[in-house]
Amino acid sequence: MAVPAEIAARVVDPRTYADGSIFESYRWFRQNDPFALIESQDFDPFRVVTRHADIMEVGRRNDVFHNGLRPVLNTKVGERKMRELTGGGPMVKSLIQMDDEEHRKYRGLTSAWFQPNNVKRMEADIRAMARAAVDRMAACGETCDFVNEVSLHYPLRVIMSILGVPEEDEALMLKLTQEIFGSTDPDLNKSGYNSLDLKDEEQKVDVSTILSLMGYFQELTKRKRANPSDDLASVIANAQVDGAPIPDLEMMGYYIITATAGHDTTSSSTAGAMWALAENPAEFRKLKDDPSLMGTMIDEAIRYTSPVKHFMRTAMQDTQVGDQKLSEGEWLMLCFASGNRDETVFEDPDAFRVDRKPNRHVAFGYGAHLCLGQYLGKMEMRILFEELIPRLESVEIDGDAAMSQALFVNGPKRLPIRYKLR
Ligand code: HEM
């Protein structure tokens, strides 16, 4: 079936991820063309994978569907610039760019560190950070921008302490990660230009941001080799693969993926939870009356917000998923946020229900690349809301809340609320 132009255009227009109209396109795709081909002059052709079951199948078959060098949607110009700069390879190489044996080896270096029993030992420290975040909100009085005051800083503080980055360097880290993830939002990118004009690619591939991060982490590696502790940066800095220290490209990739993937995603889900609670007083009340719903509320907020909108996969051979035939080389966009609104899996998928159970969302992806930080991210959120909800008497939206404009990771960028906090 031919895809109506307006439905297709939204997929590559960051504004639709902010105003929510992308969800109308997702619905159309799920019902009419769940592997629709998107052709646009600025991007190589790709297919949108929009049904829950198909996203899971593609994710699970990682031997056939590779992440490789193209794990995120990038414009043709952006890809060319990157190739010119690096001679064909990536600038940094993280788990996201690896497949098969290499991916297993590198993921194995930190997978034990990310297991629930290990991250749990940080609970007391994280709780202290959560209390500080709630106190900061209380100090604001009865109104604040929840993003600016709480959800941006708290997950950053957690991830930076895990990486062993001192508090005074956090502002720099925040700036750098925001520039990488928010690069299509005029409020969040470096120069403030509106990069919706895709011809303005010179500025969009922001190499200096990546170089700044690399410089920072090279220094950190030196320190963690000289004085190792039990933090994640020490594990990475002293890791070995096949009996040798890991090369610079992969080492930088590890730090950068942890610093960026671990921060913006959790910030967005945390703010998404607060937005949904403020808009749904009955759900807020349910949670207050029954704190045992905290775990299901967190999962629901992550499903509902789905901050990671996509990852890409490339078919390594001719194959088939359900009825859909796919040729070698086809590029697929796994639309996690669409899978999480699939009406064949979730009852009333556009509703936020704090007691939704089961909740088999794919916001953390699926298969070999399943989010490494999922337990940590959920624990951070749980602890914050355990500290916040008993003290929070009421909350409502108080002004012009807004989502960021980004095709890859997006979430609330502004969330003015009015509240009573004990
Ligand atoms: C991978 C989502 C929090 C570290 C991913 C993927 C998604 C995701 C969708 C890709 C899965 C795929 O391609 O199939 C989220 C969400 C989070 C979150 C929604 C918060 C609510 C975190 C945290 C950390 C983290 C806190 C670390 C501190 C990673 C890493 C990968 C990853 C290292 C790459 C795994 C691999 O390729 O093997 N995440 N994430 N994430 N995430 Fe998260």
Side-chain angles (χ1 to χ4, degrees), residues 49 55-62 65-68 70-73 92-100 102-111 113-116 118-119 122 126 151 154-163 165 173 177 181 231-233 235-236 250 253-273 298-314 332-340 361-384 408-411:
V49 185
I55 293 169
M56 284 178 74
E57 182 168 345
V58 173
R60 185 170 45 232
R61 291 170 57 196
N62 192 239
F65 298 105
H66 273 190
N67 283 36
R70 306 178 82 199
V72 176
L73 188 69
V92 292
K93 196 166 181 195
S94 77
L95 292 179
I96 293 292
Q97 278 104 355
M98 297 178 187
D99 293 285
D100 296 335
E102 183 184 35
H103 177 252
R104 275 190 287 281
K105 279 184 188 165
Y106 276 88
R107 190 168 161 119
L109 297 175
T110 57
S111 55
W113 195 93
F114 278 107
Q115 284 309 301
N118 188 54
V119 293
M122 289 170 289
I126 294 180
S151 63
Y154 164 69
L156 183 72
R157 185 77 279 271
V158 174
I159 199 72
M160 292 301 137
S161 74
I162 282 166
L163 274 176
V165 172
M173 284 290 150
T177 54
F181 277 159
D231 59 27
L232 183 61
V235 176
I236 298 171
E250 285 78 358
Y254 233 122
Y255 288 125
I256 291 178
I257 187 73
T258 320
T260 52
H263 167 229
D264 245 29
T265 49
T266 316
S267 296
S268 294
S269 306
T270 302
I298 299 299
D299 261 316
E300 176 68 343
I302 295 170
R303 177 194 76 89
Y304 195 67
T305 316
S306 291
V308 180
K309 293 296 178 287
H310 81 266
F311 265 105
M312 305 299 286
R313 297 290 193 268
T314 303
L332 307 177
M333 176 187 251
L334 302 184
C335 299
F336 303 119
S338 172
N340 286 342
H361 67 75
V362 285
F364 292 117
Y366 198 72
H369 290 272
L370 177 71
C371 176
L372 200 48
Q374 62 165 324
Y375 301 115
L376 177 64
K378 288 206 278 191
M379 182 171 101
E380 277 175 51
M381 289 179 66
R382 173 178 58 75
I383 294 174
L384 179 72
F408 177 35
V409 176
N410 94 317

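Remember, it's 1-based here, ligands and their atoms both numbered in the order they're listed.
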TODO: May I ask which of Ala261, Gly365, Gly377 has a heavy atom nearer to atom 22 (C) of ligand 1 than the others do?
DONE: Ala261
TODO: Report the part of Leu376 in contact with ligand 1, treating N, CA, C, O as backbone and CB onward as side chain, heavy atoms under 4.0 Å; options are side chain, backbone, both, neither.
DONE: side chain
- [ ] Could you tell me the separation between the CZ atom of Arg107 and the CG atom of Leu95, rounded to the nearest 0.5 Å?
- [x] 7.0 Å
- [ ] Taking the side chain as every heavy atom from C-beta outward, state whether Tyr154 and Ile126 have any pair of such atoms under 4.5 Å apart.
- [x] yes
Task: Asn67-ligand 1 polar pair, N/O distance under 3.5 Å - done: no
TODO: Please work out which of Cys371, Gly59, Pro71 has its closest non-hydrogen atom nearest to atom 42 (N) of ligand 1.
DONE: Cys371
Open item on the list: So is Lys378 touching ligand 1 or not, going by heavy atoms under 4.0 Å?
Closed with: no
Task: Nearest non-hydrogen protein atom, atom 3 (C) of ligand 1 - done: Thr265 OG1, 3.3 Å
Open item on the list: Check for me whether Gly367 has a heavy atom closer than 4.0 Å to any atom of ligand 1.
Closed with: no
TODO: For residues Tyr255 and Val165, determine if any side-chain heavy atom of one lies less than 4.5 Å from a side-chain heavy atom of the other.
DONE: no
Open item on the list: I want to know if ligand 1 touches Thr266 in the polar sense, i.e. an N/O pair below 3.5 angstrom.
Closed with: no
Open item on the list: Ignoring hydrogens, what is the shortest heavy-atom contact between Met122 and Trp113? Give both atom names and the distance.
Closed with: CE-CH2, 3.7 Å
Task: Minimum-distance protein heavy atom relative to atom 14 (O) of ligand 1 - done: Arg313 NH2, 2.9 Å
Open item on the list: Give me the nearest non-hydrogen protein atom to atom 28 (C) of ligand 1 as residue plus atom name, then the distance to 0.1 Å.
Closed with: Ile159 CD1, 3.0 Å
Open item on the list: Using ring centroids (six-membered ring only for Trp), state whether Phe336 and His310 fall under 6.0 Å.
Closed with: no
Task: From CG (Asp264) to CD1 (Ile159), nearest 0.5 Å - done: 11.5 Å
Open item on the list: At under 4.0 Å between heavy atoms, is it the side chain or the backbone of Arg107 that contacts ligand 1, or both, or neither?
Closed with: side chain
Task: Heavy-atom nearest neighbour in the protein, as seen from atom 6 (C) of ligand 1, with distance rounded to 0.1 Å - done: Phe311 CE1, 3.7 Å
TODO: First locate atom OG1 of Thr305, then atom CG of Asn410, and finally report the distance between them rounded to the nearest 0.5 Å.
DONE: 9.5 Å
Open item on the list: Whether Glu300 and Arg303 form a salt bridge (side-chain N of Lys/Arg under 4.0 Å from carboxylate O of Asp/Glu) is what I want to check.
Closed with: yes
TODO: Tell me which protein heavy atom sits closest to atom 11 (C) of ligand 1, plus the residue, atom name and distance to 0.1 Å.
DONE: His369 O, 3.2 Å
Task: Glu380 N/O under 3.5 Å from ligand 1 N/O - done: no
Task: Heavy atom of the protein closest to atom 21 (C) of ligand 1 (residue, atom name, distance) - done: Ser269 OG, 3.3 Å
- [ ] Assign the ring pair Tyr254 / Tyr106 to parallel, tilted or perpendicular, where the plane angle (0 to 90°) is split at 30° and 60°.
- [x] tilted
- [ ] Can you pull out the closest protein heavy atom to atom 19 (C) of ligand 1? Residue, atom name and distance to 0.1 Å, please.
- [x] Ala363 O, 3.5 Å
Task: ligand 1 atoms in contact with Tyr366 (distance to a heavy atom under 4.0 Å) - done: 14 (O)
Task: Test item, Tyr254 contacting ligand 1 (heavy atom, 4.0 angstrom) - done: no
- [ ] State, yes or no, whether a side-chain contact exists between Met379 and Ile383 at a heavy-atom distance under 4.5 Å.
- [x] yes
Open item on the list: Less than 4.0 angstrom from a charged side-chain N to a carboxylate O is my criterion; do Lys105 and Glu250 meet it?
Closed with: no
Task: Distance from atom 15 (C) of ligand 1 to nearest protein heavy atom, with residue and atom - done: Phe364 CD2, 3.6 Å
- [ ] Mark the output for His103 as yes if a heavy-atom distance to ligand 1 is under 4.0 Å, and as no if none is.
- [x] yes
